[in-house]
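See below for the structure under consideration.
Each ligand, and each atom within it, is numbered from 1 in the order the structure gives. From a predicted model like this one, the values you see are computed outputs, not experimental measurements.
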Amino acid sequence: MNVVVMKFGGTSVEDPAAIGRTAALVAGRVAQGKSPVVVVSAMAKVTDQLLRAAEAAAQGDRAGALAISSRLRSRHRDTAAALIKNHADQVALVSLIDEKFDSLDEILRGLAAILELTPRISDLIASFGERLSSRIVTAAFREQGVDAAHADACEIIVTDSQFQKAIPQDDIIDKKAPEKLLPLLVEGKVPVMGGFIASNEAGLTTTLGRGGSDFTGALVGGALTAEAIEIWTDVDGIMTADPRVCPDALRVKVISFEEAAELAYFGAKVLHPATILPAVKKNIPVLVLNSRNAACEGTRIVSLAPHCKSPFKSIAVKKKLSIIDVVASRMLMTHGYLRQIFEVFDKHKCPVDMVSTSEVSVSLSVDSNNQLPLIAADLSKLADVKYEGKKALVCMVGEDIRGQSGIAAQVFNAIRHVNVRMISQGASEINMSFMIEEDDAEEAIRSLHAAFFQEPDAAVFDVEARSTVHSS
Ligand code: ADP
Ligand code: ASP
Ligand code: MG
């Protein structure tokens, strides 16, 4: 069986027209003799709105929370009504949508009474987006002649109990995915499941973290040893920079697993950072494709990418970071000092992105989070501490950067007008990163892009797209 996982992001299921395009793409794969398994995100912006409703309710704004829910109910009902012409099928789907919103409203009312939003309730509320979209997409596919069957993601993706960023239990998923999905595939059906949502072993709803539907796609692809994992989104593939920041960004035709993982981790939103791992384990190619421009071949992520003449493949930026400076003239270089510092971060379960040390200080960068005052208080038992937010980490990814002399000079020359706070090139051969002020980030990306993608290697980048745009 030629299993292909097709994951569709929020914009690919945002309205009836987008869902119609998605159905046609899946029908196309079926016509090629493939067996698709479809993973869908919530309709665009729905997760944000659900979380906003949760926060409003927890702050006692019951009416505000219910108003958001009511707008979402209308949007889902309208989408279902536009897609499903058969009266009985439409009534069945709309009543299923109403049932889900009735229980969401009940949770929101409860939250407005107890005024406390726990990570567990947050995940339960966020899960409604994918619970709804997967049902609507299944019905729409059937309407358009794709023999789809809904599969419950919470029965397949089993995680630990770290709500909001739960860790998948691979051994269980490797059993559950074939158990639930293969019988459908054998019958010639197309399973459709929600991404992002999961459950712990006790059956409580968890989520894989924001943007986690990509991860679901990869987990299912890995468990079924799919021949490809397709990530369908709203851009032509992985680009040389975020096209929203840098409009002349070019599509990267092929990139290695390692480079893509680095880009995803350091902020390229197009891919969830954990997506690559299940694919690497089984050497399954991952394709990033545009559901609005299916003719474009997208980006192929493979274990060994061809040699590239340009030093960098892409520039990513991760915002909302803080720098923590730990200064201790007495203790630096003494045995066990760094260990003590890292133990503090470990205790608060706070991952560190970047570390640099000098004679008397250690600087660390972390995601800005509300644990920082507690972390700083613990660190101040060891040394003087200060921390500062609104920082951005720029990460330039390309193969063998360390092996090329003069690259760092070119990078810092391109952004000589920007104040650089921390630099790291040592740890990875394929990543050069540095920390700047968040407000400087967009301009810095554009300057770097102009400096390094003047004459891109045509074997790796879609240079023709640039000449088409320029000549038109
Ligand atoms: P989806 O809802 O399909 O998962 P996302 O919004 O999560 O889509 O990711 C797609 C977005 O990622 C694009 O619209 C683009 O703005 C952003 N992005 C950031 N960096 C890159 C990059 N290097 N290449 C392509 N897109 C990027
Ligand atoms: N709907 C979820 C989110 O917005 C998951 C995803 O889209 O991948 O984060
Ligand atoms: Mg995404």
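Scanning all protein heavy atoms for the shortest distance to atom 4 (O) of ligand 1 gives Lys7 NZ, 3.1 Å. Of all protein heavy atoms, the one closest to atom 25 (C) of ligand 1 is Gly237 O, 3.3 Å. At the shortest separation from atom 4 (O) of ligand 2 among protein heavy atoms lies Arg210 NH2, 2.9 Å. Nearest protein heavy-atom contact of atom 2 (O) of ligand 1 is Gly10 N, 3.2 Å. Counting only heavy atoms of the protein, atom 21 (C) of ligand 1 lies nearest to Asp242 CA, 3.7 Å. Here the protein heavy atom with the shortest distance to atom 7 (O) of ligand 2 is Ser41 OG, 3.2 Å. In this structure, the protein non-hydrogen atom closest to atom 3 (O) of ligand 1 is Thr233 OG1, 2.7 Å. The protein heavy-atom contact nearest to atom 23 (N) of ligand 1 is Met239 O, 3.1 Å.
For the residue pair Asp236/Asn293, the side-chain donor-acceptor check at 3.5 Å is satisfied. Checking Thr205 against Ser127 by side-chain atom types alone, no donor-acceptor pair falls below 3.5 Å. Defined by atom type and a distance below 3.5 Å, a donor-acceptor pair is present between the side-chain atoms of Glu443 and Ser447. In this structure, a donor-acceptor pair under 3.5 Å is absent between the side chains of Gln59 and Asp61. Checked by atom type, the side-chain pair Gln32/Arg29 shows a donor-acceptor distance below 3.5 Å. No side-chain donor from either of Lys7 and Ser213 sits under 3.5 Å from a side-chain acceptor of the other.
The N/O atoms of Gly211, backbone and side chain alike, include one that comes under 3.5 Å of an N/O atom in ligand 2. Remark: ligand 2 and Glu130 share an N or O pair separated by less than 3.5 Å (distance only, no angle test). Backbone and side-chain nitrogen or oxygen atoms of Asp234 are examined, and one is located within less than 3.5 angstrom of a nitrogen or oxygen of ligand 1.
Every pair tested for salt bridge (Lys or Arg N to Asp or Glu O under 4.0 Å) that includes a residue from residues 120-129 fails, sequence neighbours excluded, so the list is empty. Every pair passing salt bridge (Lys or Arg N to Asp or Glu O under 4.0 Å) that includes a residue from residues 287-305 is listed here, sequence neighbours excluded: Glu14-Arg292, Arg251-Glu297.
When non-hydrogen atoms are compared, ligand 1 lies under 4.0 Å from the backbone of Lys269 as well as from its side chain. Residue contacts with ligand 2, taken as heavy atom pairs separated by less than 4.0 Å, involve Ser213 via backbone and side-chain atoms alike. Heavy atoms of Ser12 found under 4.0 angstrom from ligand 1: none, in either backbone or side chain.
The minimum heavy-atom distance between Lys253 and Ala458, with the atom names listed, is NZ-O, 3.0 Å.
For ligand 1, the atoms lying closer than 4.0 Å to a non-hydrogen atom of Arg244 are 13 (C), 14 (O), 16 (O). Close approach to Ala268 involves these atoms of ligand 1, each under 4.0 Å from a residue heavy atom: 20 (N). Near Ile238, meaning under 4.0 Å from any of its heavy atoms, are these atoms of ligand 1: 24 (N).
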(request) Step by step, work out the side-chain hydrogen bond (donor to acceptor under 3.5 Å, both in side chains) result for Asn200 and Ser161. (result) CA-CA 6 Å; Asn200 68 7; Ser161 299; 3.1 Å; yes
(request) Output, in order, the C-alpha distance, side-chain angles, deciding distance and verdict of side chain to side chain contact (heavy atoms under 4.5 Å, CB included) for Asp457 and Lys313. (result) CA-CA 10 Å; Asp457 184 342; Lys313 294 266 172 58; over 6 Å; no
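Aromatic ring pairs are classed by plane angle as parallel below 30°, tilted from 30° to 60° and perpendicular above 60°; the pair Phe312 and Phe452 is perpendicular. The aromatic rings of Phe215 and His272 lie parallel to each other, their planes meeting at an angle below 30°, with 60° marking the opposite boundary.
Ligand 1 has no atom lying under 4.0 Å from any heavy atom of His272. Proximity of Gly211 to ligand 1 is not established, as no heavy-atom distance is less than 4.0 Å. Taking 4.0 Å as the cut-off, Gly195 does not count as a neighbour of ligand 2 on heavy-atom distance.
Of the candidates Thr299, Val245, Val270, Val270 brings a heavy atom nearest to atom 12 (O) of ligand 1.
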